[in-house]
Amino acid sequence: MGLHFACQMSFLALPSFLFEIDMASLKAVPEMDAQEAADEHARLVVEIEGHDRRYYQDDAPSISDGDYDELRKRLGEIEERFPALKGVASPSSKVGAAPSERFTKVRHAVPMLSLANAFADEDVTDFLGRVRSFLRLPADAPLPVLAEPKIDGLSANLLYRGGKLAVGATRGDGTEGEDVTPNLKTIADIPEQLNGTDVPDTIEIRGEVYMAKDDFLALNTRQAAEGKQIFANPRNAAAGSLRQLDAGITAKRPLRFFAYGWGEASSLPAESQSDVVAAFARWGFVTNPLTRLCTSAEELLAHYRAIELERGALPYDIDGVVYKIDALDLQRRLGQVARSPRWAIAHKFPAEKATTVLIGIDVQVGRTGSLTPVAKLEPVTVGGVVVQNATLHNEDEIARRDVRIGDTVTVQRAGDVIPQILGPILEKRPSDAVPYVFPKTCPVCGSHAVREVNPRTGREDVVRRCTGGLICPAQAVERLKHFASRNAMDIDGLGDKQIETFYRDGLIARPADIFTLEARDARSLKKLKDREGWGATSVRNLFAAIDARRTVPLNRFLFALGIRHVGEITAKLLARHYKDVVTLQEAAVEAASREGRAWNDLVAIDGIGPIVADAVVEFFAEEHNRSAVEDLLEHVTTEELAGPVSADSTVAGKTVVFTGTLERITRDEAKAMAERLGAKVAGSVSSKTDLVVAGPGAGSKLKKASELNIEVISEDEWFTRVGA
DNA sequence: ACCCCTCGAGTTCT
DNA sequence: CTCGAGGGGT
């Protein structure tokens with residue numbers, strides 16, 4: 001969706017007010033009038049929900065448990081005095097009796113990870129090679145791998161306590177899903193009670209909820225006959241059926257379940273993936289019959305091809321084959337990278353392709369000024385979804401593929417999600433089609449758009465950027481969206497749509513304007529609540545959401561500024577090193593001269609090199625950026641980044657350096673292990689290092705450690721210390 | 001001087 | 001999710 005602005009939009013200078021909220025001592029509840037109570041209630045709801053989200057989803061609570069309890073208590077008091085405020089919108093309804101309109105969120109005890117993908121045979125052999133080298137297994141050592149079809153459904157997590165189904169949830173974002181227990185209980189393949197002598201006290205069973213193909217067709221026939229919604233494919237039908245608020249409806253839908261894995265478990269009935277899954281079958285689950293234990297790459301690939309041949313004849317949809325290292329001790333040693341395990345991979349079937357006509361190319365302007373071409377396509381169904389847009393990435397990509405407007409092009413959904421344009425079908429090219437000429441000026445503000453030259457490589461950057469900066473309305477809007485977005489300032493109710501209209505109407509032009517919105521609205525004749533689509537409640541909620549972010553963790557604030565090359569992680573690094581914005585700004589200004597300590601300090605931070613440091617320096621060198629930050633700080637207080645709240649291991653929060661040859665595990669394993677225990681692994685010894693683990697052959701790092709008086713231990717001592 | 005991995009930035013659709 | 005760039009190690 002492109003932005004459509006009147007091209008010559010004047011840059012709006014908005015009055016900036018000093019604004020202070022009256023955070024004076026809270027009134028005793030009985031003295032409040034209904035309006036005050038409603039206001040405070042709304043404010044508390046937003047604040048509590050924000051904390052909940054940070055706690056459950058981001059794993060980064062920003063207040064103490066005690067303070068959080070205070071907020072909940074205050075909310076309870078107000079609701080007791082003004083029961084009308086107890087609504088579905090209140091987080092208190094989660095613990096209260098009122099049934100929520102949505103499903104309750106459930107946090108998975110062990111996150112539900114996603115799998116890395118393999119598309120070619122080579123990716124599979126690479127995977128096995130990586131596993132062997134990570135584990136230091138010789139090429140001829142046996143390495144059993146379990147292969148099973150990847151069912152195209154939705155994964156679910158079933159928590160059994162004492163053998164009884166306690167909670168069933170969807171995968172959600174992997175960390176937190178929705179509680180759909182009553183719905184899952186209607187599925188015949190899901191036992192409510194597990195039978196067996198080796199059933200653990202507590203175990204989370206994981207598997208796939210799906211709908212068989214013929215059941216899906218029958219359901220659609222029935223739905224059509226009753227004039228109800230028909231589903232695009234079995235997966236959508238399964239998802240729609242599972243997420244019914246009325247479990248009675250789910251019961252009438254022919255859902256099935258294959259068990260294939262587990263999350264938290266108080267104990268396990270076996271020491272290999274295949275044996276544990278076999279135990280699931282004994283306990284009463286259905287497991288997939290095409291599961292096979294293989295011992296070589298050839299065998300895995302043969303099984304893949306066998307399944308691929310049988311694919312059409314199978315009673316359910318599948319989109320690939322999953323390979324899992326069978327031995328659980330090896331799985332544990334392999335651990336995980338980012339959010340997928342290193343011991344499993346999904347070998348996908350080739351993506352479905354379709355052809356359609358390229359009817360146009362839009363150019364979007366990003367917050368950094370980047371011009372991104374987006375293909376406008378004649379709508380076409382690919383993999384069960386109608387695709388109308390597809391990114392063309394950049395200028396070079398269009399030239400490389402030589403796609404022209406009017407061309408018939410091949411489209412596929414890569415990794416099953418993002419549509420990709422593979423290229424034109426030349427035989428179908430209209431005779432008058434001309435090569436696409438990428439605009440050299442910004443389509444929104446008309447400024448020159450240039451490809452910067454990378455100072456390191458001397459090569460041109462792939463992206464062309466609008467040089468309009470401040471005067472480009474598209475950039476201004478995108479920056480504001482970024483500022484308010486969930487991982488940045490996280491201002492609820494100030495979404496993309498709102499920002500676009502507020503900007504267009506001159507209400508918000510710069511970040512600081514967000515925080516003066518309420519005060520200006522109070523004086524304005526044209527009130528927000530009179531705008532179309534707005535009411536008194538939504539305005540109150542918005543102001544409450546804004547107020548809730550008048551204090552934010554420094555890392556969020558820095559990320560929100562949108563400094564080039566400073567994303568979430570780098571913002572955290574900066575926040576950890578400089579305890580407030582002013583300190584960072586002073587350091588950046590000082591570093592501009594490259595004399596004195598400031599520049600060296602900046603580049604010394606692990607993860608920050610000259611390019612990133614330069615971006616920070618340049619940001620604060622701009623007068624308008626400094627004044628934007630200054631104005632923001634009139635309204636926003638930053639707080640220090642809370643230290644990593646991690647496992648109570650002895651090395652949690654410590655910075656560890658591994659050096660020399662490690663004999664029991666590889667370097668990668670050591671790093672993964674330390675990180676699992678909440679430690680930060682650094683590459684070189686500095687004053688920030690807490691612990692050095694040295695193997696034989698350690699050299700300069702060991703010397704440096706003793707100079708700095710840092711504790712050095714051996715690999716064996718490391719294992720003792722972390723209790724492994 | 002390269003190679004690998006992580007991070008940033010941009011994107012689609014339900 | 002994917003691509004390219006940046007950082008850091010070899």
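Each chain gets a letter, A, B and so on, in the order the sequences are listed, and its residues count up from 1. What you see is a predicted model, and the numbers here were worked out from it, not measured in a lab.
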With a 4.0 Å limit, can you tell me whether [X] has a side-chain N or O closer than that to the phosphate oxygens OP1/OP2 of [N]?
X: A:Thr372; N: B:dT11; answer: yes
X: A:Asn389; N: B:dC13; answer: yes
X: A:Thr368; N: B:dG10; answer: yes
X: A:Arg367; N: B:dA9; answer: yes
X: A:Ser370; N: B:dA9; answer: no
X: A:Gln364; N: B:dT11; answer: yes
X: A:Thr570; N: B:dG8; answer: yes

Comparing A:Ala390 and A:Ile563 on DNA chain B - which has the more 5′ nearest nucleotide:
A:Ile563
Tell me if the CZ atom of A:Arg243 is crowded by more than 12 foreign heavy atoms within 6.0 Å.
no
Rounded off to whole Å, could you give me the [atom1]-to-[atom2] distance for the [X] and [N] pair?
X: A:Phe559; N: B:dA9; atom1: CZ; atom2: C1'; result: 10 Å
X: A:Phe231; N: B:dT14; atom1: CZ; atom2: P; result: 15 Å
X: A:Leu574; N: B:dG8; atom1: CG; atom2: C1'; result: 14 Å
X: A:Asp362; N: B:dT12; atom1: CG; atom2: P; result: 10 Å
X: A:His565; N: C:dG4; atom1: NE2; atom2: C1'; result: 10 Å
X: A:Arg130; N: B:dC4; atom1: CZ; atom2: P; result: 11 Å
X: A:His393; N: B:dT11; atom1: NE2; atom2: C1'; result: 8 Å
X: A:Ile569; N: B:dC7; atom1: CD1; atom2: C1'; result: 7 Å

Touch class at under 4.0 angstrom, heavy-atom based, for [X] against every strand present:
X: A:Asp461; answer: sugar-phosphate
X: A:Val387; answer: sugar-phosphate
X: A:Glu568; answer: sugar-phosphate

Of the non-hydrogen atoms in A:Leu334 and A:Arg342, which two are nearest, and what is the gap between them?
O-NE, 2.8 Å
Which pair of heavy atoms, one from A:Gln475 and one from A:Gly469, lies closest together, and at what distance?
NE2-N, 3.4 Å
Any idea which of C:dA5, B:dC7, B:dC13 is nearest the A:Val462 side chain?
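That would be C:dA5.
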Proximity to the side chain of A:Gln420 - top-ranked nucleotide from B:dT12, C:dG7, C:dC3:
C:dC3
What pairs meet the salt bridge (charged side-chain N to carboxylate O under 4.0 Å, His left out) rule with one or both residues in residues 229-240 of chain A, with sequence neighbours excluded?
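Listed once each, the pairs are A:Asp152-A:Arg235.
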Check the side chains of A:Thr368 and A:Arg465 for a donor-acceptor pair under 3.5 angstrom, ignoring hydrogens and angles.
yes
